[in-house]
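Hydrogens, waters and symmetry mates are skipped; everything else that's a heavy atom, side chains included, is used. Every value quoted in this text rests on a predicted model; they were computed, and no experiment measured them. First listed ligand is number 1; within each ligand, the first listed atom is number 1.
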Amino acid sequence: MSTIPALDLHTPDWSLRFAESTRQNKGSAIRDLLSVIGSQTISFAGGLPAPEVFAVEEAAVAADDILATEGRSALQYGPTEGYRPLREALIAQWQARGVNIGIENILITSGAQQGLDLIGRIFLEPHDRVMVESPTYVGAMSAWFGCQPHYLTMPMDHDGLIVESVDDLTERHGSAKFAYSVVNFQNPTGVTLSHPRREALIETAHRLDMALIEDDPYRALRYTGHDIPGLIEIEGQMLGSEWNHRGRVIHLGTFSKTLMPGLRVGYAIAPAPVIRAMVIAKQGFDLHTSMLNQMIVERLITEKTIERNLPNLISLYHRRRDVMDAALNEHFAGRAEWAVPDGGLFLWVKLPEGMNTESLLPVALENQVAFVPGNGFFAVEKQPNTLRLNFSNQPEDRIKEGVRRLASILR
Ligand SMILES: Cc1ncc(COP(=O)(O)O)c(C=O)c1O
């Protein structure tokens, strides 16, 4: 005779069991809509690199060789801090830029996205103040959702965030745990923080005793203008050997845009106590980033595959940016505003006041073209007439056709 009890046929009400922050997190209706995009749709929505320039063959050779020669360590558990030769390769790169870091200052993360998550975990308690650009990278706000921060928004112009706002916001609301900036070719606006403002931001952060999060996936993807030193370099040069004790900048890097996003390899550079706290948080999160993937990235750095590939990537994206700009000029001149970014993957478009890009999206999807409405990128005050277009992922003819379709929908 079976002793298995009869199953309870009532549906459990999971929402009663979820944490309060989970109950409040409705996710993004836009993301859900975009997740059902068909292959026919011309998508300017995701921040996807062009797969045709991924170093697939080189990655395959590296993976074969690693598995043949070091397969057992590649497939074993690894240290939370990351694969040491990869950390050393990164240290060498950053030391060459004048940043005096050692092995205790670097952690390999599963993409820069995990770096953002770890920062939330180690710094934020509910209602802690955090300064973000307006608009800001929506993925940072998703990473910190469970921490329930109180956002203070830093307005921006064509030179990036307005540094004086950091003082104003502090005076009006009290000090923030940190300020977060995507310094180069910002996601979503494409705007770059100017060199004088970077210096002023560092000076302000030191005066106010506030951390600065520099999220920088796009610096290498510059098509016009000149490279600007990162916050971490500027601060590193200001503080010299004192940086480990007095540094305020936490830098997040990634191989997603210069190599391939699927390996999920990124890194954080920060003063040693911050890295230590991030390591402890990561232990409970995923133990470590895939060793095999880290080893592949390390090979592709030391064999200079990334360096060799970068000019192809840059010229492809440069062309695509220009094609999108030309198509916008052809179809949107006088009906929208946008600035051509010096690099990165995005063009930010402002339609006339009163238009709502969230309600345009379903119509666009019916016409098989997709974009991301701007509202989701604003932590506080929304701008419903804005939208973000990605130009890296679609071939030129599809960029032209997609912009033409968007224009005809608007009409
Ligand atoms: C500003 C910014 N930060 C972080 C990320 C996440 O990058 P990763 O693929 O390294 O997790 C992205 C991805 O688009 C991004 O645009």
Heavy atoms from other residues, nucleotides or ligands near NZ of Lys350 exceed 12 (cutoff 6.0 Å):
no

Return the residue, atom name and 0.1 Å-rounded distance of the protein heavy atom closest to atom 11 (O) of ligand 1.
Arg264 NH2, 2.8 Å

Minimum-distance protein heavy atom relative to atom 7 (O) of ligand 1
Ala112 CB, 4.0 Å

One finds that the ligand 1 atoms under 4.0 Å from a non-hydrogen atom of Thr254 are 8 (P), 10 (O)

Before you tell me yes or no, could you show the steps for His288 and Gln294 under side chain to side chain donor-acceptor pair (under 3.5 Å), namely the whole-Å CA-CA distance, both residues' side-chain angles and the distance that decides it to 0.1 Å?
CA-CA 10 Å; His288 63 85; Gln294 294 184 68; 4.8 Å; no

Look at the rings of Tyr223 and Phe391 and say which category their plane angle falls in: under 30° parallel, 30 to 60° tilted, over 60° perpendicular.
perpendicular

Close approach of Tyr218 to ligand 1, heavy atoms, under 4.0 angstrom:
yes

Under the salt bridge (charged side-chain N to carboxylate O under 4.0 Å, His left out) test, residues paired with Asp159 that sit two or more places apart
none

In terms of atom number and element, which parts of ligand 1 are under 4.0 angstrom from non-hydrogen atoms of Ser256?
8 (P), 9 (O), 10 (O)

Take the angle between the ring planes of Tyr218 and Phe346 and call it parallel below 30°, perpendicular above 60°, tilted in between.
perpendicular

Is the closest heavy atom of Gly266 to ligand 1 under 4.0 Å?
no

For ligand 1, which atoms have a heavy atom of Pro217 less than 4.0 angstrom away?
1 (C), 2 (C), 3 (N), 15 (C)

protein heavy-atom neighbour closest to atom 1 (C) of ligand 1 works out as Asp215 OD2, 3.3 Å

Near Val182 (heavy-atom distance under 4.0 Å), the atoms of ligand 1 are 1 (C)

Would you check if the distance from the ring center of Trp144 to the ring center of Phe123 is below 6.0 Å?
no

Return yes when Lys257 approaches ligand 1 closer than 4.0 angstrom through a heavy atom, no otherwise.
yes

Measure the acute angle between the ring planes of Phe255 and Tyr267, then classify it against the limits of 30° and 60° as parallel, tilted or perpendicular.
tilted

If we only consider heavy atoms of Gly111, is any one of them less than 4.0 Å away from an atom in ligand 1?
yes

Donor-acceptor pair, side chain of Arg335 and main chain of His331, under 3.5 angstrom:
yes

the protein heavy atom lying closest to atom 6 (C) of ligand 1 turns out to be Tyr137 OH, 3.6 Å

